[in-house]
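Following: one structure in structure tokens, then a few remarks.
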Amino acid sequence: MPEGHTLHRLARNVDRRFRRAVVAAASPQGRFAAGAQRLDGTRLVGARAHGKHLLVRFAPPDAPPPLRRRPAGASVDGEQTLHVHLGLYGTFVLGAGEPPPVRGALRLRLVGVPEEAAGDEAAPWGDLRGPTACELLEPGEVEALEARLGPDPLQPDPAGAGRAAFVARTGASRSAVGGLLMRQDLVAGIGNVYRAEALFRAGVHPEVPGRSVGDAVLGGMWDDLVVLMRSGVRTGRIVTTEPEHRTGPGPGARGRAGGRAGWRDVAHYVYRRQGLPCRVCGTPVETAVMVGRNVFWCPVCQPS
DNA sequence: CATAAATGGCTAT
DNA sequence: TAGCCCTTTATGG
């Protein structure tokens, strides 16, 4: 579900399935009817993600296809950008072939219109439900949106500028690092699971002020997030435990009648494991509300 | 049935 | 900090 890795994975899949396709767009629920009408019949030219935001560009169907791929984000006249934010529980389900029957609150359905020459390739479809944001943006609005997002561990950072900015800005703050990690202007794409798990793996208590963490540890956390989130994009799951720590019951095992533990039961060190023994030292995991969300930590592995 | 919770974020006060 | 929005799923009566 939707932290940054979900959106990058989604952007990749939308791009793969829909790029260059003319789409039919509809909003059966009615909340995005006007936008769907504007998208209907346009051609999808590319999809990408920044943090938890999905950005999909559409061009008029008769626009000449670009000879070369433009730089990500570059936009030309007549193009519109669909901005999607899934929020807590939004989903964007993709498939190919016959779309499923419309059911529930379907905000937007995109269906690829088969080209004359495409033969019998199954047309792609996508169903969006429950998003926090689903809107069409002008190029300037896309720019404004991205201007307030910090560096994204899932975006290429060859010169290390994103990493350096994260370390400098987080390391300058007197606020608790557990709150800072949720700020999308400091680092884009981190959510409640990656926050708790990255802090555990770094051995940092969530209440420690950003300026007390230390640049080396902050830099290490960034590098760790790059690894964890790339893995999340590949697998579609957040798994932060090392193989040797994937034992014992997890949150999902409670009340389950003796069934084998699923991947969720061993995927995390502390997230939603309050009261359960720490996978490393056995101390009960603690929890508290921080910036309106539940945080989890091991009081021994993450000393305050 | 009703209610709560969930990997989020905006606005008002 | 509180309230609100969006939707689905799990749980309780």
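Order of the sequence lines fixes the chain letters, A, B, ..., with proteins taken first and strands second; residue numbering starts at 1 for each chain. Below, each value reflects all heavy atoms present in this structure, side chains not excepted, and no hydrogens, waters or symmetry copies.
Taking atom CG on A:Leu88 and atom C1' on B:dA4, their separation rounds to 13 Å, with Å as the unit. What separates NE2 of A:His5 from C1' of B:dT7 is a distance of 8 Å, to the nearest Å. Straight-line distance from the CD1 atom of A:Ile238 to the P atom of B:dT7: 10 Å, rounded to whole Å. The interatomic distance linking A:Leu181 (CG) with B:dG8 (P) rounds to 12 Å, in whole Å. One atom, CG of A:Leu225, and another, P of B:dT7, lie 17 Å apart when rounded to the nearest Å. With rounding to whole Å, A:His50 atom NE2 is found 16 Å from B:dG8 atom P.
Among the atoms of the strands shown, none is found under 4.0 Å from any heavy atom of A:Arg237.
Aromatic ring centres of A:His268 and A:Phe296 lie farther apart than the 6.0 Å criterion allows.
Of the P atoms belonging to C:dT8 and B:dC10, the separation is 23 Å, rounded to the nearest Å.
Between A:Arg195 and B:dT7 there is no side-chain N or O to OP1 or OP2 distance below 4.0 Å. Neither OP1 nor OP2 of C:dT8 sits under 4.0 Å from any side-chain N or O of A:Arg107. Under 4.0 angstrom from either OP1 or OP2 of B:dG8 there lies no side-chain N or O belonging to A:His85.
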